[in-house]
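A quick write-up on the structure given underneath.
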Amino acid sequence: MLRVNPNYLKLRGSYLFSNIAKKVNEYSANHPDAQIIRLGIGDVTQPLTPTVIKALHDATDEMADKNTFRGYAPDLGYDFLRNTIVEHEYKSRGCEIAADEIFISDGAKSDSGNIQEIFSSECKIAVTDPVYPVYVDSNVMAGRAGEFVEQKEQWSNIIYMPCTEENGFTPAFPEEVPDIIYICSPNNPTGTALKKDALQKWVDYANEHKAVILFDAAYEAYISEDDVPHSIYECEGARSCAIEMRSFSKNAGFTGVRLGYTVVPKDIKDVDGNQVHPMWARRHGTKFNGAPYIQQRAGEAVYSAEGQKEIRGLVNYYMENAKIIREGLKDAGYTVYGGVNAPYIWLKTPDNMTSWQFFDHLLETVNIVGTPGSGFGPSGEGFFRLTAFGSHENTKAAIERIKHI
Ligand SMILES: Cc1ncc(COP(=O)(O)O)c(C=O)c1O
């Protein structure tokens, strides 16, 4: 008899951004003249850079020639890209990572959702609150989350680590020791980032308790402060306890191209001495057929001198928006966080409005779409996320509108 996976029946509603899209579509249908500005979803708006476009064209042309045509890519990634990543992201920062510890993928969303599969269903996970929803939902699907407790708006078997104004959005060690710890820095949604000493404490904690840190560094390119690490492997001892996920989406604008990678050092072992690295290689080889050659050549081009200059331009463009939002909101009397090492601004809702009340208020009064903080977890209640990924024009217009509410 056919039965769906019962864990999937436990999932809550639809994905946060589908809920937002539904509300906005309804509003647009009823107000066809509304000039809506979207600063909700964290998707880029600027086109791919010339160096990337050229690499995409060149690789496509290779596909048209019988001598250079490529079929299936290696499951774990082409060496030309794995080696380039090691040189530019790790060796240059003094991090000891080998090319065969880099697993090329189609992006950090699938990797951050899939990586939990290689760990026992008995493992206890800890997430920050608020949290990128993929970490929680993928563990609900895996049967690791327990039951949803309505009053707390939390899953009974997940350890939540509140990130609040009081703790500067840096999570404290939880009372119960987890086996798997999700950390995202720079953070989506709070836009804040862990300093080196704070991250080092987490690495020490994980090593001490034989836990693993799943470190999502999708926004690494936005770091502007010197004491914020770009990779967790800048911390001593991280090779034995940390898996790092990276993406070309937010630095190079590959949200539609799709490319990312995950680093799994060979030093990570479970309590029985089993290496984690071959498990992820096996999982990747079985369920993933390799990121496309054309995309991987485009990824390689990002690391050329010209490519690096161009993506710096993209990041600066969005960070200029972040500044416009941050400063503009401060002038308007809002309390704001983030936007210094990340393209997100996390603002406190005014007049004690709930996050969804403020969402409706902004949509209805000034036709601006943002993301309600409570959609990322109970500690996000009373906060609201705006992204810096819009155009300058829209960002400036949005802030002017908010100032005049
Ligand atoms: C924290 C975090 N990780 C991963 C992703 C997804 O990255 P990718 O486009 O590489 O799948 C996002 C996208 O918004 C994100 O916010």
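First listed ligand is number 1; within each ligand, the first listed atom is number 1.
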For ligand 1, find out whether one of its N or O atoms is nearer than 3.5 Å to an N or O atom of [X].
{"X": "Asp106", "value": "no"}
{"X": "Ala108", "value": "yes"}
{"X": "Ser110", "value": "no"}
{"X": "Arg258", "value": "yes"}

Heavy atom of [X] under 4.0 Å from ligand 1?
{"X": "Phe254", "answer": "no"}
{"X": "Ser112", "answer": "no"}
{"X": "Thr255", "answer": "no"}

(request) With rounding to the nearest 0.5 Å, note down the distance linking CZ in Phe389 to CG in Leu314. (result) 10.0 Å

(message) So, taking the atom named OH in Tyr344 and the one named CG in Leu39, what distance separates them when rounded to the nearest 0.5 Å?
(response) 11.5 Å

Nearest to [atom], what protein heavy atom do you find, and at what distance?
{"atom": "atom 12 (C) of ligand 1", "result": "Tyr132 OH, 3.4 Å"}
{"atom": "atom 2 (C) of ligand 1", "result": "Asp216 OD2, 3.4 Å"}
{"atom": "atom 9 (O) of ligand 1", "result": "Ser249 OG, 2.6 Å"}

(message) Give the atom numbers and elements of ligand 1 that come within less than 4.0 Å of a heavy atom of Gly107.
(response) 10 (O), 11 (O)

(request) Enumerate the atoms of ligand 1 whose separation from the nearest heavy atom of Ser247 is less than 4.0 angstrom. (result) 7 (O), 8 (P), 10 (O)

Report yes or no: does [X] contribute a side-chain atom to a donor-acceptor pair with the main-chain N or O of [Y] at less than 3.5 Å?
{"X": "Glu101", "Y": "Val263", "value": "no"}
{"X": "Asn139", "Y": "Arg144", "value": "no"}
{"X": "Gln296", "Y": "Tyr78", "value": "yes"}

(request) Evaluate the ring planes of Trp346 and Phe383, with Trp represented by its six-membered ring, and classify them as parallel (under 30°), tilted (30 to 60°) or perpendicular (over 60°). (result) parallel

(request) Might you confirm whether atom NZ of Lys54 has over 12 heavy atoms from other residues, nucleotides or ligands at distances under 6.0 Å? (result) no

(message) Tell me whether the count of non-hydrogen atoms from other residues, nucleotides or ligands lying under 6.0 Å of CD in Gln46 goes above 12.
(response) yes

(message) Assess whether a salt bridge exists between Arg12 and Glu150, defined as any Lys/Arg side-chain N lying under 4.0 Å from an Asp/Glu carboxylate O.
(response) yes

[X] and ligand 1 - part of the residue with a heavy-atom distance under 4.0 Å:
{"X": "Cys184", "answer": "side chain"}
{"X": "Lys250", "answer": "side chain"}
{"X": "Phe248", "answer": "neither"}

(request) Before giving the answer on side chain to side chain donor-acceptor pair (under 3.5 Å), spell out for Glu89 and Tyr303 the whole-Å C-alpha distance, their side-chain angles and the decisive distance to 0.1 Å. (result) CA-CA 9 Å; Glu89 299 288 0; Tyr303 291 106; 2.7 Å; yes

